[in-house]
Amino acid sequence: MIYVRDKGRLCNNILQYGHLYAWGREHGRETMSMRFAYKYRWFRICHTRHHHLLRYLWAKYGAKWGLLPVVSFDTDGADYSGEEALMLQRSQIVAEGWYARWYDLFLKYKSEIITLFEFDDRVQRVARQRLSALPGGAVRLGLHVRRGDYQTWHGGRYCFTDGQYISILRQFLALHQGETVQFIICGNDPSLDEQAYRQAFPDRSILFPKGNPAEDLCMLSLCDWLIGPPSTFTLVAAMYRDLPLCWIENAESPLTPECFSRFDELFRQIR
């Protein structure tokens with residue numbers, strides 16, 4: 001059993017576990033995500049046989065007390081052949097670190113990873129009920145407005161203003177002339193200026209879901225297009241249905257069709 005000691009937030013955890021799950025599947029080893037055993041209880045994986053509190057406590061304190069060996073993947077591009085060998089040798093081991101990466105294996109087992117992280121019925125029900133408030137037959141654009149921690153991450157490089165996001169939405173509409181477009185806007189900034197968006201687009205249906213992380217993630221996954229700053233949140237939302245996703249690297253650059261990519265390409269760019 002490989003116990004995956006997750007780091008970061010929800011979608012970081014999904015991707016980190018996905019890589020180690022894929023490695024385990026390829027080598028006939030079972031895996032368990034410590035984070036999804038007790039914290040983010042919104043997904044199918046949380047109800048599988050190894051994902052419960054007792055397993056989590058055994059892995060946590062077994063590693064702390066030296067009863068379980070620990071392998072760490074903490075350096076980008078390092079040679080981890082020794083760590084992989086140890087994971088094959090030991091019947092129980094804790095694996096941690098953001099740079100546990102096996103991209104080709106992840107893609108090989110991606111459909112299984114998506115199944116493991118299917119949303120619970122309650123989350124899906126809430127997301128679909130909120131989306132049902134919008135008229136049908138429209139193109140749905142999911143916009144992720146992330147500020148909060150992004151005010152300091154990378155020196156605030158990806159912390160964009162509402163005005164910049166509104167400009168990007170206008171450019172998206174220009175790319176979809178003749179179509180009915182709706183906006184589903186999720187974010188982690190309680191001071192997001194909803195009125196500014198409604199005034200900018202008075203003839204558009206706009207939804208600000210304000211759900212918990214799983215509900216917002218589910219709603220974004222049900223859109224047709226996604227836009228947001230570089231983030232694992234939009235990346236995982238795109239993964240479920242292979243949605244076109246534009247990561248905003250520079251809010252002043254023009255939005256073009258070439259700005260949109262798919263999960264299989266973008267997930268290799270996460271650092």
Side-chain angles (χ1 to χ4, degrees), residues 6-16 35 39-40 42 98 119 123 126-127 130-131 134 140-173 175 181-202 204-240 243-256 259-261 263 266-267 269-271:
D6 317 296
K7 294 183 178 180
R9 299 190 180 194
L10 171 63
C11 292
N12 286 20
N13 298 160
I14 291 175
L15 292 176
Q16 183 200 25
R35 190 64 62 90
K39 185 173 183 179
Y40 299 123
W42 297 310
W98 180 233
F119 300 97
V123 173
V126 169
R130 288 176 178 160
L131 288 173
L134 299 175
R140 288 177 176 168
L141 170 65
L143 175 67
H144 183 216
V145 176
R146 184 162 181 174
R147 288 195 276 261
D149 57 327
Y150 270 33
Q151 294 181 49
T152 55
W153 189 65
H154 281 252
R157 177 180 176 184
Y158 303 119
C159 187
F160 306 126
T161 66
D162 290 317
Q164 288 173 310
Y165 282 116
I166 287 169
S167 175
I168 291 166
L169 293 181
R170 287 197 175 104
Q171 294 177 68
F172 182 84
L173 291 177
L175 295 177
V181 177
Q182 300 168 344
F183 299 139
I184 291 84
I185 302 176
C186 301
N188 66 343
D189 183 0
S191 64
L192 184 146
D193 190 349
E194 297 181 17
Q195 190 60 27
Y197 291 88
R198 298 195 188 279
Q199 289 177 349
F201 306 104
R204 303 288 170 180
S205 297
I206 305 176
L207 179 65
F208 297 92
K210 300 179 185 177
N212 65 39
E215 292 164 356
D216 281 359
L217 186 67
C218 185
M219 276 182 276
L220 289 179
S221 77
L222 295 171
C223 292
D224 302 302
W225 300 78
L226 296 175
I227 293 178
S231 167
T232 57
F233 199 80
T234 48
L235 182 64
V236 171
M239 178 183 72
Y240 285 95
L243 300 177
L245 165 61
C246 170
W247 271 342
I248 309 165
E249 295 280 351
N250 182 348
E252 305 308 317
S253 296
L255 185 72
T256 67
C259 294
F260 290 86
S261 299
F263 175 88
L266 288 173
F267 92 125
Q269 300 179 22
I270 286 289
R271 288 293 179 262

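For reference, positions follow the sequence shown, starting with 1.
Looking only at distances, no side-chain donor or acceptor of D189 sits under 3.5 Å from a matching main-chain atom of R147. Side-chain atoms of Q171 come within 3.5 Å of backbone N or O of L255 as a donor-acceptor pair. Without hydrogens or angle criteria, D216 side chain to C186 main chain gives no donor-acceptor distance under 3.5 Å.
Here D224 contributes atom CG and L243 contributes atom CG; the two are 7.5 Å apart, rounded to the nearest 0.5 Å. With values rounded to the nearest 0.5 angstrom, R204 atom CZ is found 13.0 Å from L134 atom CG. Atoms NZ and CG, from K39 and D6 in turn, are 10.0 Å apart once rounded to the nearest 0.5 Å. Atoms SG and CG, from C246 and L141 in turn, are 9.5 Å apart once rounded to the nearest 0.5 Å. Here the CG-CG distance, from L15 to L10, works out to 9.5 Å after rounding to the nearest 0.5 Å.
Note that R170 lies in the cation-pi zone of F201, set by a 6.0 Å cut-off to the ring centre and a 45° limit from the axis.
Between Y197 and F183, every side-chain heavy-atom pair lies at or beyond the 4.5 Å cut-off. Between R140 and I184 there is a side-chain heavy-atom pair separated by less than 4.5 Å. In this structure the side chain of L226 never reaches within 4.5 angstrom of the side chain of H144, judged on heavy atoms. Counting heavy atoms from C-beta on, the side chains of N212 and V126 never come closer than 4.5 Å. The shortest distance between side-chain heavy atoms of F233 and N188 does not fall below 4.5 Å. With contacts defined as side-chain heavy-atom distances shorter than 4.5 Å, the pair T234/W247 qualifies. Inter-residue side-chain proximity for L235 and C11 is flagged as unmet; no heavy-atom pair is nearer than 4.5 Å. The side-chain heavy atoms of F119 and S221, taken from C-beta on, include a pair separated by under 4.5 Å.
A donor-acceptor pair shorter than 3.5 Å cannot be found between the side chains of N13 and Q16.
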